[in-house]
Amino acid sequence: MVRSVNVAIVGAGLVGSAFINQLQSLRSHAITYNVILIARSTKALVSKSYAPLPLANWSQDLAASSPASGLSPGDLAAYLEKSPLPVILVDNTSSDALAKVYPVFLSQGVSIATPNKKAFSSELGLWNSLFSSAANFAAEPKGKGFLYHEATVGAGLPVISTIKDLVATGDEVVKVEGIVSGTLSYIFNEFSTLSGGAPVNFSDVVNKAKELGYTEPDPREDLNGLDVARKLTILARLAGLDVQSATSFPVQSLIPRPLEEIEAVSEFMAKLPEYDGKMEETRAKAAEEGKVLRFVGKIDLSGESAQKVKVGIEKYDAAHPFASLKGSDNVIAFYTKRYGKNPLIIQGAGAGSEVTAMGVLGDVLKIAERV
Ligand code: NHO
């Protein structure tokens, strides 16, 4: 008999749209995935009877739907609790409010798959309550939902599942080092190269990254290092560190201080070239040593370092795998007791809606096999 699960999709932007398209072209037919809800901030399609929604024209149907006046996290929880089939909430938003109520969903048996970093990188109390509420971690799993968040670090790359497996099988994480921002990967791969060609201005590279759609609409959201800090918080916590929040360790911001308070993105971009000199100095100094600059997150549990987690610019020589990175690829190296001198390295596209949606859909498939 074919089993069925219900799927509620909140957030239908870049990742949400790619997720819905990939769900429609699933090759496995052992389990049927019934989409019962698709919502964005101001619109929602909700199947009151829990019958599957037609997906052929979901985008137009959603646009034509009446404003979702009643879709608070509380209303969503009440709706999902009554689902006659096991239900998976796919949170494709970056909403803090929704993330805060994950423990409620989980404790009422709703499973969650998400690329939203908020729940996992905010205060430590929320992290702890998440894991005591989820069936895959709680001492008393009965009646609880499963929680998967592969795409919170490295998009579709198997980063979260790898670190979880290392720890669960008794390995000890000694050090994690990674380039986990696709945007900052691109910027530094272009700015600081091994080829030694004519130097480019840092602001020109930021501009190009913006034009190519690699940055957030406001590039300061990439340049402030917070996205990397959130990803490092998640990895450090999975490695066993009680990191209080994504702002509780040193994070180097690439935004020149005088430009922090500027409101308009256009004004920020216009003034950024005034600060190219400092970045060029750092790049040239590294080049003299035969090294390149990369924006990296580091977790050091070896006991030698007082500062266990930090995020910022580091220098690497030509032979290092981080030096030859291309485009907007991510790379993460795990040094553990088992993977001692030669780390376990995961590398590949770590940004973009298709690969992120793949990470989320992979989680949905894993949950569906377990519920
Ligand atoms: P969008 O396109 O802004 O879509 C968000 C959707 O959520 C919209 O439909 C909005 O209406 C809806 N929404 C917001 N709040 C809501 C609420 N309370 N109720 C209902 N709907 C609500 O954002 P994306 O790009 O689709 O991102 C969605 C999630 O995936 C975010 O949590 C984001 O952080 C995460 N994510 C996205 C990407 C990406 O490529 N777009 C990546 C990873 C995670 O691999 C990517 C990455 O890391 C890129 C990163 N900048 C890098 O490495 O450089």
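Both ligands and their constituent atoms are indexed starting at 1 by order of listing. Both backbone and side-chain heavy atoms feed into the values below; hydrogens, waters and symmetry mates do not.
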Student: Out of Asp91, Thr152, Asp96, Asn92, which residue meets the side-chain hydrogen bond (donor to acceptor under 3.5 Å, both in side chains) rule with Asn116?
Tutor: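 Single side-chain hydrogen bond (donor to acceptor under 3.5 Å, both in side chains) partner of Asn116 among Asp91, Thr152, Asp96, Asn92: Asp91.
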Student: Is it the case that the side chain of Glu172 and the backbone of Thr336 share a donor-acceptor pair, with hydrogens and angles ignored and the cut-off at 3.5 Å?
Tutor: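 No; judged by distance alone, with no hydrogens or angles, the pair does not exist.
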Student: Of all the heavy-atom pairs spanning Ser133 and Leu106, show the shortest one and how long it is.
Tutor: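 Heavy-atom minimum between the residues: O-CB, 3.4 Å.
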Student: Pairs under 3.5 Å, N/O atoms on ligand 1 and on the protein: can you put them in a table with the distances?
Tutor:
{"unit_1": "ligand 1", "atom_1": "2 (O)", "unit_2": "Leu14", "atom_2": "N", "d": "3.0"}
{"unit_1": "ligand 1", "atom_1": "9 (O)", "unit_2": "Ala12", "atom_2": "N", "d": "3.2"}
{"unit_1": "ligand 1", "atom_1": "9 (O)", "unit_2": "Gly13", "atom_2": "N", "d": "3.2"}
{"unit_1": "ligand 1", "atom_1": "11 (O)", "unit_2": "Ser41", "atom_2": "N", "d": "3.0"}
{"unit_1": "ligand 1", "atom_1": "11 (O)", "unit_2": "Ser41", "atom_2": "OG", "d": "2.9"}
{"unit_1": "ligand 1", "atom_1": "13 (N)", "unit_2": "Ser41", "atom_2": "OG", "d": "3.3"}
{"unit_1": "ligand 1", "atom_1": "21 (N)", "unit_2": "Ser41", "atom_2": "N", "d": "3.2"}
{"unit_1": "ligand 1", "atom_1": "26 (O)", "unit_2": "Leu14", "atom_2": "N", "d": "3.2"}
{"unit_1": "ligand 1", "atom_1": "26 (O)", "unit_2": "Val15", "atom_2": "N", "d": "2.8"}
{"unit_1": "ligand 1", "atom_1": "32 (O)", "unit_2": "Thr93", "atom_2": "O", "d": "2.7"}
{"unit_1": "ligand 1", "atom_1": "34 (O)", "unit_2": "Lys117", "atom_2": "NZ", "d": "3.4"}
{"unit_1": "ligand 1", "atom_1": "40 (O)", "unit_2": "Gly352", "atom_2": "N", "d": "3.1"}
{"unit_1": "ligand 1", "atom_1": "45 (O)", "unit_2": "Gly350", "atom_2": "O", "d": "3.3"}
{"unit_1": "ligand 1", "atom_1": "45 (O)", "unit_2": "Thr356", "atom_2": "OG1", "d": "2.8"}
{"unit_1": "ligand 1", "atom_1": "48 (O)", "unit_2": "Lys231", "atom_2": "NZ", "d": "3.1"}
{"unit_1": "ligand 1", "atom_1": "53 (O)", "unit_2": "Gly182", "atom_2": "N", "d": "2.7"}
{"unit_1": "ligand 1", "atom_1": "53 (O)", "unit_2": "Lys231", "atom_2": "NZ", "d": "3.3"}
{"unit_1": "ligand 1", "atom_1": "54 (O)", "unit_2": "Gly182", "atom_2": "N", "d": "3.1"}
{"unit_1": "ligand 1", "atom_1": "54 (O)", "unit_2": "Thr183", "atom_2": "N", "d": "2.9"}
{"unit_1": "ligand 1", "atom_1": "54 (O)", "unit_2": "Thr183", "atom_2": "OG1", "d": "2.7"}

Student: Would you sort out whether Thr169 and Asp171 count as a side chain to side chain donor-acceptor pair (under 3.5 Å), showing the intermediate values?
Tutor: CA-CA 6 Å; Thr169 58; Asp171 201 354; over 6 Å; no
Student: Do Tyr50 and Val87 come close enough that some side-chain heavy atom pair is under 4.5 Å?
Tutor: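 Tyr50 does not reach Val87 side chain to side chain.
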Student: Where is the tightest heavy-atom contact between Gly352 and Thr356, given as atom of each residue plus distance?
Tutor: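 Looking at all heavy atoms of both residues, the shortest contact is O-OG1, 2.6 Å.
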